Amino acid sequence: MASRCIEYKGITFPPGYNSVESLCFAEEKFQVRDDDIFNVTYPKSGTVWMTEILSLILNGGNPTWNQNVLNSLRAPWFTTCLGLETAHNLPSPRLLTCHLPIQMFPKAFFSSKAKVIYTLRDPRDVLVSYYHFSKMCVPFGDPLSFDHFFVNFLNGNVLFGSWFDHITGWMEQKGKLSIFFISYEEMKQDLRGSVEHLCHFLGKNLDKAAVTSVMENASFEAMRKNNMCNSTMLPKDVMDQEKGTFLRKGICGDWKSHFTVAQSESFDKVYQEKMQSLGGIFPWEQV
Ligand code: A3P
């Protein structure tokens with residue numbers, strides 16, 4: 001983990017963009033508008049993919065916005081100083097992005113009509129993706145070896161805290177607030193159905209051709225070619241393109257080519273302990 005990371009309420013955040021003040025502001029004072037749409041994830045769960053999908057849905061499938069405006073300006077990271085300013089200046093309805101655990105989410109959300117889309121992903125694939133991402137994303141700090149990162153991830157000793165706590169915290173709100181839960185795996189399996197469900201949740205009527213355009217423009221291949229979302233516009237001291245590719249593989253089950261049998265067993269043990277209360281409801285548990 002990066003040595004200069006920010007610590008806020010017991011959770012570590014990457015240095016540079018976040019500060020204790022910006023995180024505190026996001027929680028305590030961020031003004032939520034009733035038509036805000038929050039894209040919330042634990043890192044590496046499909047955040048940037050969801051930003052593309054939501055940007056396209058808001059524009060009825062028209063890809064012009066996605067192709068000409070950086071994703072961080074379309075769906076700002078409002079927990080950062082820079083993102084906060086962008087968010088303040090955006091017209092409604094706003095798309096807003098964060099990796100915040102529920103207990104740090106803007107307080108104003110809970111008395112608003114704003115919506116959250118929470119995307120989750122098989123934590124084993126999250127771990128693998130997070131490991132590779134940490135090698136190229138400078139503020140995240142060198143993960144050292146896969147074995148080292150594996151242990152840290154299981155212990156929650158990574159930026160943005162424990163995957164298990166993040167997921168269980170958000171899932172406890174299911175049915176209580178305007179939160180739409182969707183998984184990376186569902187989107188991979190049935191993108192059309194997923195886009196249609198998202199449209200329904202957002203009250204957007206897209207015809208078949210518009211949904212097709214969303215699917216095409218948010219495909220892994222299209223996103224890889226789009227400099228507005230493939231991270232290549234970021235400076236080298238943030239994202240070192242020589243050390244990896246942000247849109248790396250985009251598949252389910254890559255953990256199988258990374259985990260040893262022993263790692264798989266110890267992962268399952270921790271997973272069962274921590275997820276007992278929610279067990280059996282996620283797509284990756286069905287296989
Ligand atoms: P991999 O590293 O497994 O390839 P985030 O945006 O939360 O950081 O998540 C990044 C992960 O989502 C990466 O996973 C990336 O390749 C994947 N991803 C992004 N866009 C995608 C798409 N259109 N289809 C499938 N996977 C996508």
Side-chain angles (χ1 to χ4, degrees), residues 13-14 17 38-57 63 66-67 70-72 74-77 79 83 95-101 117-140 143 146 149 153 158-161 163 166-167 170 181-195 198 211-234 238-239 241 243-259 283-284:
F13 293 84
Y17 294 106
F38 289 90
N39 174 15
V40 186
T41 54
Y42 184 84
K44 313 320 294 170
S45 304
T47 327
V48 168
W49 189 9
M50 185 54 75
T51 296
E52 292 312 289
I53 293 173
L54 295 175
S55 301
L56 286 156
I57 290 178
N66 293 51
Q67 289 167 353
L70 269 178
N71 52 3
S72 56
R74 285 183 269 124
W77 294 81
T79 58
L95 288 179
L96 300 159
T97 313
C98 73
H99 292 318
L100 288 176
I117 288 145
Y118 188 91
T119 312
L120 7 81
R121 185 182 189 185
D122 184 333
R124 296 165 293 189
D125 286 336
V126 168
L127 188 162
V128 169
S129 182
Y130 210 161
Y131 165 70
H132 288 287
F133 176 75
S134 302
K135 287 198 277 189
M136 72 178 302
C137 186
V138 180
F140 277 62
F146 183 76
F149 190 80
F153 184 92
V158 287
L159 294 169
F160 298 98
W163 179 89
H166 207 282
I167 265 57
W170 276 97
F181 291 90
I182 188 163
S183 68
Y184 181 97
E185 289 71 22
E186 269 171 278
M187 300 203 291
K188 283 292 290 185
Q189 205 191 343
D190 178 11
L191 188 55
R192 180 174 293 278
S194 302
V195 171
L198 284 163
V211 173
T212 303
S213 174
V214 174
M215 291 165 63
E216 285 171 2
N217 287 288
S219 71
F220 188 70
E221 295 70 30
M223 284 178 58
R224 263 196 154 182
K225 285 191 210 127
N226 183 357
N227 289 343
M228 299 294 117
C229 69
N230 64 13
S231 96
T232 54
M233 302 294 274
L234 290 167
V238 174
M239 204 69 96
Q241 308 291 339
K243 298 209 172 127
T245 310
F246 175 72
L247 287 142
R248 193 182 57 92
K249 282 197 182 168
I251 58 168
C252 300
D254 196 29
W255 66 271
K256 291 176 196 156
S257 56
H258 285 74
F259 285 24
W284 55 86

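We number each residue from 1, following the sequence as shown. These numbers come from a predicted model, not from an experiment. Counting convention: from 1, in listed order, for ligands and their atoms alike.
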Distance-only N or O hit between ligand 1 and Thr47, under 3.5 Å: yes
- prompt: Do Asp254 and Arg124 meet the salt-bridge criterion of a basic N to acidic O distance under 4.0 Å?
  reply: no
- request: Please determine, by modelled atom types, if Glu52 and Ser55 share a side-chain donor-acceptor pair under 3.5 angstrom.
  value: no
message: If you take the nearest heavy atom of each of Tyr184, Trp49, Trp255, which one is closest to atom 17 (C) of ligand 1?
response: Tyr184
message: Please compare Arg224, Lys249, Arg121 and report which has the shortest non-hydrogen distance to atom 14 (O) of ligand 1.
response: Arg121
statement: Within 4.0 Å of some non-hydrogen atom of Ala218, the atoms of ligand 1 are 23 (N)
task: Please determine, by modelled atom types, if Asn71 and Thr51 share a side-chain donor-acceptor pair under 3.5 angstrom.
output: no
query: How far is atom 10 (C) of ligand 1 from its nearest protein heavy atom, and which residue and atom name does that atom have?
result: Lys44 NZ, 3.7 Å
statement: Quick note on ligand 1: atoms under 4.0 Å from a heavy atom of Val48 include exactly 6 (O)
- prompt: Taking it one step at a time, do Arg192 and Thr212 satisfy side-chain hydrogen bond (donor to acceptor under 3.5 Å, both in side chains)?
  reply: CA-CA 7 Å; Arg192 180 174 293 278; Thr212 303; 2.7 Å; yes
task: Would you check the N or O atoms of Ser129, main chain and side chain alike, for any that come under 3.5 Å of an N or O of ligand 1?
output: yes
- prompt: Going by heavy atoms, is Phe133 under 4.0 Å from ligand 1?
  reply: no
query: Starting from atom 15 (C) of ligand 1, which protein heavy atom do you reach first, and at what distance in Å?
result: Phe246 O, 4.0 Å
Which of the ligand 1 atoms, numbered from 1, are nearer than 4.0 Å to a heavy atom of Met223: 20 (N), 23 (N)
message: Within ligand 1, which atoms have a heavy atom of Ser219 less than 4.0 Å away?
response: 23 (N)
task: Step through the shown structure and confirm whether more than 12 heavy atoms of other residues, nucleotides or ligands are within 6.0 Å of NZ on Lys243.
output: no
message: For Phe146 and His258, I'd like to know if the aromatic rings sit close, meaning centre-to-centre distance below 6.0 Å.
response: yes
field: Lys256, NZ atom: more than 12 neighbouring heavy atoms under 6.0 Å
entry: no
- prompt: Quick one: does Thr41 get an N or O within less than 3.5 Å of an N or O on ligand 1?
  reply: no
- request: Identify which of Thr245, Leu191, Leu247 has a heavy atom lying nearest to atom 20 (N) of ligand 1.
  value: Leu247
query: Once the angle between the rings of Phe246 and Phe133 is folded into 0 to 90°, is it parallel (under 30°), tilted (30 to 60°) or perpendicular (over 60°)?
result: perpendicular
- prompt: Under the 3.5 angstrom rule, does the side chain of Thr97 hit a backbone N or O of Ala75 as a donor-acceptor pair?
  reply: yes
message: Below 3.5 Å, N or O to N or O, backbone or side chain included: is there any such pair between Ile251 and ligand 1?
response: no
